[in-house]
Amino acid sequence: MILSFFGGKVLTVTNEYYDIYQLPKSIGNTYFWVMEFFKDKFSEVFETIFESVSEGIIVVNTNQKIATVNGAAAEMFGYEHNELVGLPLDTLIPKDYRKQHKGHVSKFMEHSDKRKMGKGRDLYGARKDGTSFPVEAGLNPFMVEGRRYVMAIVTDITDRKNYTENLERTVRERTSQLTEALEKEKDLNELKTKFLSLVSHEFKTPLSGILTSATLIGKYTETVQQQKREKHLRTIQNKVKYLNNIINDFLSIERLESGKVNYKFSSFPLSKVINEVIYDANTHLKEGQKILYPEQIDAIEIDFDEKILVLVLTNLVNNAVKYSPEHTEVAVKVIPRDKELDIAVIDQGIGIPNEEQKFIFNRYFRAANVLTNQGTGIGLNIVKSHLQNLGGSITFSSEEGKGSIFTITIPTP
Ligand code: ADP
């Protein structure tokens with residue numbers, strides 16, 4: 001059944017959708033009586049209902065002009081109660097949606113049925129002040145004296161949308177935090193697995209070397225064999241240092257991953273660090289290898305994390321030595337520049353194959369031409385992370401069979 005009304009006045013009571021005469025007689029009679037009562041009072045009852053609902057009600061004719069609105073609709077769109085009557089419906093639609101909307105309304109007028117508006121689309125209303133807001137609308141077609149009208153029941157869903165959007169944002173944030181945590185967990189697990197496989201491969205050779213040297217030292221009992229003893233002691237020291245470096249690298253990764261690195265800045269002479277690094281590297285030079293000190297660095301004072309600079313340069317100089325043949329030179333050069341300082345480690349070694357250069361800072365990556373050398377593929381990755389964290393950077397150029405130049409840049413005050 002449909003009650004047709006307009007402008008607060010009852011026009012017709014029809015049985016378009018509901019035939020009361022098909023109801024059982026007793027119900028039909030009561031129903032009819034109730035309807036008769038409402039018919040008398042309808043003007044008043046309708047006005048009360050129309051104005052007291054919290055949803056906005058907008059009635060539009062076939063020309064898409066606003067025929068009437070209730071107070072809630074006027075307030076929702078920022079108008080005075082009667083300001084909207086006679087205006088095109090477009091007035092309440094944001095500019096960008098008007099064209100599209102007009103088409104939808106015309107279609108709806110042609111095949112009108114009762115339904116929710118904008119299925120699968122976001123709907124927006126335009127306030128008088130030009131701002132727009134999300135709405136939900138139900139469309140109800142009806143006829144008054146042979147003319148078609150559509151009554152839209154409009155709800156402002158700003159709060160619901162904000163709530164949903166906030167909820168979605170929170171879910172997105174939590175999901176990404178969880179993914180990150182899982183990624184970290186995965187990385188740590190991978191690290192443990194790598195460490196175990198490394199222990200079984202990388203530790204075996206130096207450990208058996210240490211054992212051999214220690215056994216031999218035990219056999220050199222005579223005073224004249226002091227030189228031999230010293231040689232084996234140096235071997236032991238180098239191998240222990242090597243193992244210690246691997247462990248330190250692993251701990252570094254763990255700390256970098258979990259964000260637990262605490263950098264300590266201090267002021268120190270650059271020459272102190274360079275001397276320390278070259279002195280250490282000199283202990284494992286190959287036959288005829290030489291490390292050239294940088295020139296004129298005595299006056300250079302820098303403000304950086306000293307331990308990290310030692311770690312970085314040790315990695316670069318050790319690599320240069322490790323990946324260069326006997327009788328070659330490794331040069332360390334310092335180039336002070338405005339607010340920056342470059343330190344380059346230049347070798348005449350095996351170089352890095354062109355096609356593999358892009359992977360060189362990836363963790364665990366080792367080029368195909370070094371697989372017979374000992375190594376973990378961790379050093380450069382750690383070096384790069386530390387430098388990035390400290391506002392520095394690392395670059396390199398290399399030619400296979402000719403040599404490599406690794407250059408770090410650190411900020412200077
Ligand atoms: P590791 O030396 O333990 O393998 P690094 O992270 O220090 O690990 O280096 C990664 C890879 O980069 C090395 O395995 C090697 O392939 C390449 N590389 C680094 N430095 C040099 C160098 N000076 N000359 C040639 N190749 C180098």
Side-chain angles (χ1 to χ4, degrees), residues 187 190-191 194-206 238-257 277-278 280-282 284-286 289-292 294 308-333 342-389 392-408:
D187 283 353
E190 184 189 302
L191 199 68
K194 287 267 178 194
F195 185 72
L196 286 180
S197 85
L198 203 88
V199 169
S200 55
H201 291 111
E202 289 301 301
F203 279 40
K204 257 189 188 160
T205 321
N238 281 340
K239 294 205 185 309
V240 169
K241 249 188 210 161
Y242 174 75
L243 293 175
N244 199 35
N245 279 343
I246 293 184
I247 292 172
N248 281 341
D249 279 355
F250 265 93
L251 293 178
S252 256
I253 297 184
E254 205 270 330
R255 275 198 295 272
L256 278 165
E257 293 271 297
V277 171
I278 297 182
D280 256 16
N282 273 331
H284 41 80
L285 291 181
K286 292 177 192 142
Q289 274 187 333
K290 207 165 135 193
I291 302 177
L292 306 177
I308 297 296
L309 190 59
V310 171
L311 178 147
V312 167
L313 293 176
T314 303
N315 256 294
L316 299 186
V317 175
N318 284 353
N319 276 350
V321 170
K322 181 164 69 169
Y323 299 123
S324 297
E326 295 176 347
H327 306 288
T328 53
E329 284 177 351
V330 171
V332 180
K333 290 208 166 138
D342 284 354
I343 307 175
V345 178
I346 307 155
D347 68 53
Q348 303 160 336
I350 59 171
I352 302 162
N354 242 334
E355 62 282 7
E356 294 188 291
Q357 294 194 357
K358 54 181 174 294
F359 306 118
I360 226 66
F361 293 108
N362 291 359
R363 191 179 297 163
Y364 309 120
F365 183 82
R366 309 200 67 221
N369 61 340
V370 302
L371 298 181
T372 49
N373 291 66
Q374 281 203 312
T376 59
I378 301 174
L380 287 183
N381 176 265
I382 293 172
V383 163
K384 188 169 180 174
S385 300
H386 280 309
L387 286 172
Q388 271 172 351
N389 290 348
S393 60
I394 178 164
T395 54
F396 73 95
S397 67
S398 181
E399 202 178 326
E400 202 174 358
K402 291 241 166 93
S404 309
I405 305 176
F406 279 84
T407 309
I408 64 159

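Counting starts at 1 for both ligands and their atoms, following the listed order. All figures in this text were calculated on a predicted structure; none of them were measured in a lab.
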At what distance is the nearest protein heavy atom to [atom], and which residue and atom is it?
atom	answer
atom 23 (N) of ligand 1	Asp347 OD2, 2.9 Å
atom 16 (O) of ligand 1	Ala367 N, 2.9 Å
atom 11 (C) of ligand 1	Phe365 O, 3.6 Å
atom 3 (O) of ligand 1	Thr376 N, 2.7 Å
atom 17 (C) of ligand 1	Ile360 CD1, 3.8 Å
atom 13 (C) of ligand 1	Tyr323 OH, 3.6 Å
atom 6 (O) of ligand 1	Leu380 N, 2.8 Å

Check: [X] side chain, [Y] main-chain N or O, donor-acceptor pair, under 3.5 Å:
X	Y	value
Asn369	Gly351	yes
Lys286	Val321	yes
Glu356	Ala368	yes
Asp280	Thr314	no
Gln374	Tyr242	no
Ser398	Ile352	yes

I'd like to check whether [X] has a polar contact with ligand 1, where a contact means an N/O of the residue lying under 3.5 Å from an N/O of the ligand.
X	result
Asn381	no
Gly375	no
Ile350	no
Gly379	yes
Asn319	yes
Arg366	yes

So, do [X] and [Y] sit near enough that their side-chain heavy atoms are less than 4.5 Å apart?
X	Y	answer
Ser404	Asn319	no
Ile378	Tyr364	yes
Pro353	Glu400	yes
Leu380	Phe406	yes

Open item on the list: If the contact criterion is a heavy-atom separation under 4.0 Å, does Gly349 count as touching ligand 1?
Closed with: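 Heavy atoms of Gly349 never come under 4.0 Å of ligand 1.
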Quick check on contacts: which atoms of ligand 1 are under 4.0 angstrom from a heavy atom of [X]?
X	value
Ile352	25 (C), 26 (N), 27 (C)
Ile378	6 (O), 8 (O)
Lys322	1 (P), 2 (O), 3 (O)

Have a look at ligand 1 and work out which part of [X], if any, has a heavy atom under 4.0 Å from it: side chain, backbone, both or neither.
X	answer
Ser404	side chain
Asn369	neither
Phe406	side chain

Open item on the list: Just checking Lys333: does its NZ atom have more than 12 heavy atoms from other residues, nucleotides or ligands closer to it than 6.0 angstrom?
Closed with: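 No, the 6.0 Å shell around NZ holds no more than 12 heavy atoms from other groups.
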Open item on the list: Ile394 vs Leu316, test: side-chain contact (heavy atoms from CB on, under 4.5 Å). Steps then yes/no.
Closed with: CA-CA 11 Å; Ile394 178 164; Leu316 299 186; 4.0 Å; yes
